[in-house]
Amino acid sequence: MSLLDYPLLATIENPADLRRLPVTRLDELARQLRAFLLETVAGAGGHLGAGLGTVELTLALHYVFDTPDDRLVWDVGHQTYPHKILTGRARELHTIRKDGGLAPFPKRDESPYDTFGVGHSSTSISAALGMAMAARRSGRKRHAVAVIGDGAMTAGMAFEALNHAGDLDADLLVVLNDNEMSISPNVGALSGHLARLLSGKLYSGLREGGKRVLRRLPPAEVFARRMEEQLKGLASPGTLFEELNFDYFGPVDGHDLNTLVPILRNLRDRSGPKLLHVTTRKGKGYEPAEADPVAYHGVTPFDPARGLGRDGRPKPLSYNQIFGRWLCRAAAEDPRVMGITPAMREGSGMVEFAKRFPEQYVDVAIAEQHAVTLAAGMACDGLRPVVAIYSTFLQRAYDQLIHDVALQNLPVLFAIDRAGLVGPDGPTHAGSFDLSFLRCIPNMVIMAPADEAECHRMLCTGLRLDGPSAVRYPRGTGPGRIAPDDLEPVPLGRAELRRKGRDIALLAFGSMVTPAETAAETLDATVVNMRFVKPLDTDLLAQVARDHRLLVTVEENVVAGGAGSGVAEWLAETGHGVTIRHIGLPDRFLSHGSREALLHQAGLDAEGIRSTVLRMQGQPEMSPARPPVSVTRDSPGGKP
């Protein structure tokens, strides 16, 4: 099927076309949009459940507001496939997350309707507030709307923005998309009626007129305000938002266009900070996704008639599964072990751990800063906390990592998932910088496993240390060297000589060991599995520097300040006369696509490593004589 099989949806090239429809046709359009979304994502893969749940909300927002002039800011972006369909990208939706295709999240240079680039949670209110302030300063009558989920609302940044917006009395609408609460028909109808009443001009006029009269009688005004707050508190959960100076409306059924459209029209015409609480259902309209929203959050291609199936073939264990199994075993042996996650239980491989060790499992919601300082507090009083966190999410807790953990030299182990390139999720989720921002922190021990078995052993190493440590591993599976029963730690600061060659030594970190070994076969190069970014194995480094005329560091991290920089700094400090070059991620943000394609683009597959080293050999400074230390950089596709 194609877009032409959805005749009403096919007429919508942009939201202006949508706004020309009578409101009576929106339900029909919603059905076609949902069916097209399901068909397309089932064929191409991508984020599914969240988008199915926001079809009506997306239609209503674009129908009521004059986008893109009115600013519509989405949080995270998993739910924005309907938004992309309605804003001229329906025919390209099948390319989403693929090489050269649509971006997985809203992206400013992809469409003027993508007003703010997102990917991490809880940024929408701050960004929309900034846009509201810009409109006020320029004197433009432009609306700013932030759409944020109930999960993203758990982050402190969201409440910082709410507090600021309420203090400014900003002209801002926050739409809280609550997809955890279910509303029965009776309660939903009542809530919709109350929200329409509270958002309407009659109620507003009566309230403001009453305030003007009661101001002449201060005790009566205080009494009336308290009564209003108490009565609204009985009918709605909005007391907190009211205390932040937001007018609260809801909860309302986010799938009922007959309720959403008039409420949004009313709120569009009201000034000041407002919050509309809507309830939606992830996977709405597709029963398997409604029943299992976790499984259908992000999908590979599947048959909608059969749902997500299993081909019966055993799949290799991924790094996060290796971590989950290790954590269960560590917790069974030591009751002091605590597993902490900032709302990424499934992604970090902690589902089984949460079931088996509920007293040792902590999900802090989307609060990375709190997760790290919580771990620091646990470590102060004898527990052994393990923080399971994506590389890009650790960036959000950098001050806590330095100030609360490293400065106090506390034994907190960071299991850093999604290190390096992540493929279809693109640059917002790529762990390109962790080696650089961790390496400069005193007291940190940083490990990068070459394979799954080594990851298991390094986690054991980190748990036994008396200070902070990190084990960083990539998304997905590794080379397949799995030894889940091996609890023997890796000797601290000890590298491993994998292959002995001539002239050239490849010093590979983590995921780059396997492609470096392949490249070394044709180069006849030495390969060192460096294992530790900090501390370095300086004894082996000194030996390799004496025996080779060229050292090439290889890492799945930016070259600037990365693991290779640490090697170069030590060589320069100790006066070893050898030329060193670095291969790593380029000095630019790589787009989305398959992980394999992105590694090739960055020159970090076996072919790229081999060709880069051959190119280095042809350079004039590469003479057999030992010159003074020459530290240069080589990042294929990026800046020299």
Side-chain angles (χ1 to χ4, degrees), residues 1-42 48-70 72 74 79-94 111-114 143 145 147 173 175 177 179 183 185 188-189 191-193 195-196 199-200 249-269 276 278-287 289-290 304:
M1 299 182 74
S2 70
L3 186 60
L4 296 177
D5 295 301
Y6 304 92
L8 183 56
L9 181 61
T11 66
I12 308 300
E13 294 290 340
N14 54 60
D17 294 333
L18 169 66
R19 291 188 281 269
R20 282 191 281 268
L21 293 176
V23 70
T24 54
R25 300 206 68 186
L26 293 185
D27 281 323
E28 177 187 358
L29 181 60
R31 287 191 293 272
Q32 292 189 19
L33 197 160
R34 181 170 278 112
F36 175 76
L37 174 64
L38 174 59
E39 177 205 352
T40 306
V41 176
L48 180 62
L52 290 174
T54 57
V55 167
E56 289 83 5
L57 178 59
T58 306
L59 280 169
L61 288 167
H62 280 296
Y63 191 75
V64 171
F65 290 94
D66 185 22
T67 56
D69 188 59
D70 286 339
L72 181 57
W74 299 91
Q79 76 279 46
T80 55
Y81 288 21
H83 162 79
K84 288 177 182 268
I85 292 170
L86 293 174
T87 54
R89 290 168 278 182
R91 290 175 177 82
E92 299 173 85
L93 189 66
H94 69 281
S111 169
Y113 293 92
D114 293 356
H143 300 96
V145 182
V147 185
L173 171 61
V175 179
N177 176 29
N179 51 34
I183 306 176
S191 296
H193 172 73
R196 284 194 296 271
S199 66
F249 307 94
V252 299
D253 185 352
H255 301 297
D256 182 1
L257 284 161
N258 292 324
T259 297
L260 279 176
V261 169
I263 288 176
L264 286 171
R265 281 174 171 165
N266 287 336
L267 296 181
R268 179 191 60 192
D269 298 332
L276 175 62
V278 303
T279 60
T280 60
R281 187 174 182 86
K282 281 185 178 180
K284 172 71 174 177
Y286 183 54
E287 187 175 342
E290 290 187 25

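Start at 1 with the first residue, then count along the sequence.
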Stepwise side-chain contact (heavy atoms from CB on, under 4.5 Å) test for Leu37 and Leu52: CA-CA 7 Å; Leu37 174 64; Leu52 290 174; 3.9 Å; yes
Arg25/Glu28 salt bridge by N-O under 4.0 Å criterion: yes
Which atom names give the shortest non-hydrogen contact between Arg268 and Phe65, and what distance separates them? CG-CE2, 3.7 Å
Nearest-0.5 Å distance that lies between atom CG in Leu57 and atom CG in Asp256: 12.5 Å
Walk me through it: do Asp17 and Thr11 pass the test side-chain contact (heavy atoms from CB on, under 4.5 Å)? CA-CA 7 Å; Asp17 294 333; Thr11 66; 6.0 Å; no
Rounding to 0.5 Å, atoms CG (Leu33) and CG (Leu86) come to a distance of 5.0 Å
When you measure from the side chain of Asn179 to the backbone N and O of Lys282, does any donor-acceptor pair fall under 3.5 Å? no
Beyond-backbone contact of Arg31 with Asp27, side-chain heavy atoms, under 4.5 angstrom: yes
Side chain to side chain, Val147 and Leu72, heavy atoms closer than 4.5 Å: yes
Counting C-beta onward and ignoring hydrogens, is there a side-chain heavy-atom pair between Asn266 and Phe249 closer than 4.5 Å? no
Rounded at 0.5 Å granularity, tell me how far CG in Leu18 sits from CG in Leu9. 10.0 Å
Could you walk me through whether Val252 and Leu276 pass the side-chain contact (heavy atoms from CB on, under 4.5 Å) test, one step at a time? CA-CA 8 Å; Val252 299; Leu276 175 62; 4.1 Å; yes
Side chains of Leu21 and Ile12 in contact at under 4.5 Å (non-hydrogen atoms): yes
Only one of Thr54, Asp114, Thr58 forms a side-chain hydrogen bond (donor to acceptor under 3.5 Å, both in side chains) with His83, so which one is it? Asp114
Examine distances only and state if a side-chain atom of His62 and a backbone atom of Thr67 form a donor-acceptor pair shorter than 3.5 Å. no
Does the side chain of Tyr113 come within less than 4.5 Å of Asn14's, by heavy atoms? yes
Does the side chain of Tyr63 reach to within under 4.5 Å of the side chain of Arg265, using non-hydrogen atoms? yes
Heavy atoms, side chains only, cut-off 4.5 Å: are Asp70 and Val145 in contact? no
Applying side-chain contact (heavy atoms from CB on, under 4.5 Å) to Leu61 and Trp74, what does each step give before you reach the verdict? CA-CA 11 Å; Leu61 288 167; Trp74 299 91; 4.2 Å; yes
Whether Arg91 side chain and Leu3 backbone form a donor-acceptor pair below 3.5 Å: no
